[in-house]
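As structure tokens, the structure follows; a few thoughts come after it.
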Amino acid sequence: MLRTHTCGEARAALAGKEVTLAGWVHTRRDHGELTFIDLRDRYGITQVVAHAKENPAAHRALGKARNEWVLRVRGTVRPRPEGTKNPKLPTGEVEVAAAEIEVLNESKTPPFYVNEETEVDENLRWKYRYVDLRRERSRELIRLRHEVVDFIRNFMVERGFWEVETTDLIRSDPTGARDLVVPSRYYPGKFWALPQSPQQLKQILMVGGLDRYFQIARCFRDEDPRADRTLEHSQLDIEMSFVEKTDVMALGEELYTSIFQKFARKPLKQVPWPRVTFEEAMRRFGIDRPDLRFGMELLDLTDVFRSSGFKVFRETLDQKGVVRAIVVPGKAKATRKEIDDLTAIAKRKGAKGLAQFALAGETVESQVAKFLSPEELAGIRRATGAKDGDLVLAVADTYDVASESLGVLREHLGQALGLADTSTHYALWVHEFPLVQRTPDGGWTFAHNPFCGPLTPHDLELLDTAPEKARSKQYDLVVDGRELGGGSIRNHTRAAQERIFAQMGVSKGDAQERFGALLDALDYGAPPHGGIAPGIDRLVMTLAGTENIREVQAFPKTQTGYDPLLDAPAAADPKLLEELGLRVVAKPDKER
RNA sequence: GGUCCCGUGGUGCAGCGGCCUAGCAUACGUCCCUGUCAAGGACGAGAUCGCCGGUUCGAAUCCGGUCGGGACCGCCA
């Protein structure tokens, strides 16, 4: 070893001992005949000091050193003189009096500060990630991720789960997200896909009798990123045999409750977690991943406008529509622009308009007040419980459109107005999802996962009569309005699985071609099984309170999937393309 | 595919038609300095304001395009 101790270990107990440290120059304070440097490694910071008269060679070396040079320091740990101790540092009681300095490596002036917490352009950070990782914040996020994953592994292993690596070169499937694809050399013109998740493989492991499986699995999707999603992410992939819904939920809840208790900065608001059905989530919050840290629940005004003279409401109600609303506290004086912005948000989910009612004193001000009777205006106040100075936002439409429009408004306003109680995390389960849902062209698709089983045998039968009413054994883990993961009890018989595919218009032949391996496996004694797959990146984001997934990944990519560190993607060698039987048709439109 | 925001010495920001010969902080270089810890002090170097074009007597500043980054919509079983 090039060192006897780390830079975090220097304590009063070591006083008098000779130590050798190695690390980076964090800062340098040169007083002429007396020079200090703070030497930094992953473990901490230790002050090193040299006097010109006591040790000229070491003093000269410290004088020459610059930030981010790599030094090896031999010296004696000694208590700092009284009055010069630094209570801000864990190692502030002592310092190392340098006897010998060896420069292990010099450094160019770093492209940004390692020793300050200033914001730096992300492109620079990722390009020089090796410098960025030396910064405390970056290092602590990576540390947190490591510790969480370590905790998860121990938890799972203790409960009898086997960690199994599944293959990352699988069969491409046109459903779901766009696949990232890898060309095959032996089969020119054919491609592997990188897994969007190991879903089929983990189910096959259950058929293989492994009983309890987990994996920290890399998942890939070639879709446009957002702040909380990107090309690749990791999920804790879990699958169990001979279990029911409640078993998996109990395991997930125990794991995540202990993770939050151990790693979160804030306590969980409620343990055990609330379990909210999809129907209830949509009715109360207009979204299937509600943020329970604030109220502003959706209300129903349908009865108030039952016989309204206002044509828009009336016609909606005549067509079995509804009028739903939220109360925005204290926003009666919203500006025209604010209202326009809110209306635009509501329209994203299909609302045709947004009615506003501002409660001012005895009156209710609204752009549609002239169409409404005094009873209706009074009814708004009564039905919503809104107070003076509040703003009531209402959407008249089908139940789904009204609910979802107000759901996004609620989410937006919760954030914009800072309504959420940020002193806690609020975890909950959402379950009893629909099994299938309508596609825009009138067909059916799976609501979550094609392998998800029906809640009861009756729900499977409902596919024949009222598919939209069929519920599934899907459950989602939601924290602070963010979906951290989901899972389900799967179809373990071929018949059930094929029935669901049929509903989505996937013929037996198509299903066999796309999911043949799993379907065949179901023919050979597949046990009842189910699992869950929470995302690691979003978990760490939530624990750390960061809004950006790139911060919790060691080597992030940009919004276009570019890797500034490796300068990837890059053109492939023509010889390699030849071997793969590939010819590039599209000229690269962006030369780097 | 679309909407919005950003791009100014190494870094972070200011300036938003002429007072800009581009300001501040920090980093960087040289020198001074014996107890600092964001050390202090003095001096110095460092930018054709992302790029291209246009408007104007005059553009970092206004307009168009383009490139790069970010947020969002679409998309994401």
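Quick caveat, the model's predicted, so the values are computed rather than measured.
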Gln415(A) (side chain) donor-acceptor with His412(A) (main chain) under 3.5 angstrom: no
side-chain contact (heavy atoms from CB on, under 4.5 Å) partners for Glu232(A), two or more places apart: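 Result, side-chain contact (heavy atoms from CB on, under 4.5 Å) vs Glu232(A): Arg218(A), Phe220(A), Lys557(A).
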Partners meeting side-chain contact (heavy atoms from CB on, under 4.5 Å) with Asp30(A) (sequence neighbours left out): Arg28(A), Thr35(A)
Could you measure between the two [atom1] atoms, the one in [N] and the one in [M], and give it in whole Å?
N	M	atom1	result
C75(B)	C13(B)	C1'	36 Å
A14(B)	G9(B)	C1'	14 Å
G10(B)	U48(B)	P	8 Å
C19(B)	U34(B)	C1'	48 Å
G7(B)	U61(B)	P	11 Å
C49(B)	C20(B)	C1'	11 Å
G64(B)	U55(B)	C1'	10 Å
G12(B)	C28(B)	P	16 Å

Looking for any heavy atom pair under 4.0 Å, which part of the strands does [X] touch: base, sugar-phosphate only, or nothing?
X	answer
Pro111(A)	sugar-phosphate
Arg490(A)	nothing
Thr27(A)	sugar-phosphate
Arg348(A)	sugar-phosphate
Asn123(A)	sugar-phosphate
Arg125(A)	nothing
Lys53(A)	base
Glu117(A)	nothing
Ile45(A)	nothing

Pair [X], [Y]: side-chain N/O donor-acceptor within cut-off below 3.5 Å:
X	Y	value
Gln512(A)	Asp520(A)	yes
Glu122(A)	Asn548(A)	yes
Gln215(A)	Thr166(A)	yes
Gln474(A)	His431(A)	no

Is_stacked (Phe36(A), U36(B)) at 5.5 Å, 30 deg: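 A stacking contact exists, since Phe36(A) sits close and nearly parallel to the base ring of U36(B).
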Table of protein N/O atoms under 3.5 Å from nucleotides 2-9 of chain B N/O atoms:
none

Residue-phosphate contact under 4.0 Å: [X] side-chain N/O, [N] OP1/OP2:
X	N	value
Thr560(A)	G68(B)	no
Lys85(A)	G35(B)	no
Arg29(A)	A39(B)	yes
Gln47(A)	U36(B)	no
Thr558(A)	G69(B)	yes

Between P of A14(B) and CD of Glu119(A), the distance in whole Å: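 Those two atoms, CD and P, are 13 Å apart.
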Spacing of Asp121(A) atom CG relative to G50(B) atom P, expressed in whole Å: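 It is 13 Å, rounded to the nearest whole Å.
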Look at the side chain of [X] and decide which nucleotide, out of [options], has an atom nearest to it.
X	options	value
Glu223(A)	A38(B), A71(B), C76(B)	C76(B)
Leu34(A)	A39(B), C37(B), U34(B)	U34(B)
Ala227(A)	C72(B), G69(B), G12(B)	C72(B)
Arg226(A)	C73(B), G70(B), G35(B)	C73(B)

Neighbour count >12 (heavy atoms, 6.0 Å) for atom NZ, Lys85(A): yes
Counterpart residues, ring-ring contact (aromatic ring centres under 6.0 Å, His included), relative to Phe294(A) (two or more places apart):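 With neighbours one apart ignored, the set is empty.
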Sequence neighbours excluded, which residues qualify as salt bridge (charged side-chain N to carboxylate O under 4.0 Å, His left out) partners of [X]?
X	result
Arg134(A)	Glu68(A)
Glu411(A)	Arg289(A)
Glu223(A)	Arg178(A)

Qualifying side-chain hydrogen bond (donor to acceptor under 3.5 Å, both in side chains) pairs with a residue from residues 108-118 of chain A, counting only residues at least two apart or across chains: none
No-H, no-angle donor-acceptor pair, [X] side chain to [N] base, under 3.5 Å:
X	N	value
Arg229(A)	C76(B)	yes
Arg80(A)	C37(B)	yes
Arg178(A)	G74(B)	no

With Arg29(A) via side-chain hydrogen bond (donor to acceptor under 3.5 Å, both in side chains) - residues at least two apart: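 So Arg29(A) forms a side-chain hydrogen bond (donor to acceptor under 3.5 Å, both in side chains) with Thr27(A), Asp38(A), Gln47(A).
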Complementary nucleotide of A71(B), counting Watson-Crick and G-U pairs under 3.5 Å: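 Partner of A71(B): U3(B).
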Complementary nucleotide of C57(B), counting Watson-Crick and G-U pairs under 3.5 Å: G18(B)
Identify all pairs in which a protein N or O lies below 3.5 Å from an N or O of nucleotides 41-43 of chain B, and state each distance.
none

Might you list the N or O atoms of the protein lying below 3.5 Å from N or O atoms in nucleotides 23-33 of chain B, with each pair's distance?
{"residue": "U26(B)", "atom": "O2'", "partner": "Tyr113(A)", "partner atom": "OH", "Å": "3.0"}
{"residue": "U26(B)", "atom": "O2", "partner": "Tyr113(A)", "partner atom": "OH", "Å": "2.7"}
{"residue": "A27(B)", "atom": "O4'", "partner": "Tyr113(A)", "partner atom": "OH", "Å": "3.4"}
{"residue": "G29(B)", "atom": "OP1", "partner": "Arg66(A)", "partner atom": "NE", "Å": "2.9"}
{"residue": "G29(B)", "atom": "OP2", "partner": "Arg66(A)", "partner atom": "NE", "Å": "3.4"}
{"residue": "U30(B)", "atom": "OP2", "partner": "Arg66(A)", "partner atom": "NH2", "Å": "3.4"}
{"residue": "C33(B)", "atom": "N3", "partner": "Asp30(A)", "partner atom": "O", "Å": "3.2"}
{"residue": "C33(B)", "atom": "N3", "partner": "Gly32(A)", "partner atom": "N", "Å": "3.2"}
{"residue": "C33(B)", "atom": "N4", "partner": "Asp30(A)", "partner atom": "OD1", "Å": "3.4"}
{"residue": "C33(B)", "atom": "N4", "partner": "Gly32(A)", "partner atom": "N", "Å": "3.3"}

5′-ward residue of the pair Asp228(A)/Gly176(A) relative to RNA chain B: Asp228(A)
Selection residues 495-515 of chain A - residue pairs positive for ring pair (Phe, Tyr, Trp, His ring centres under 6.0 Å), sequence neighbours left out: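 The answer is Phe451(A)-Phe515(A), Phe501(A)-Phe515(A).
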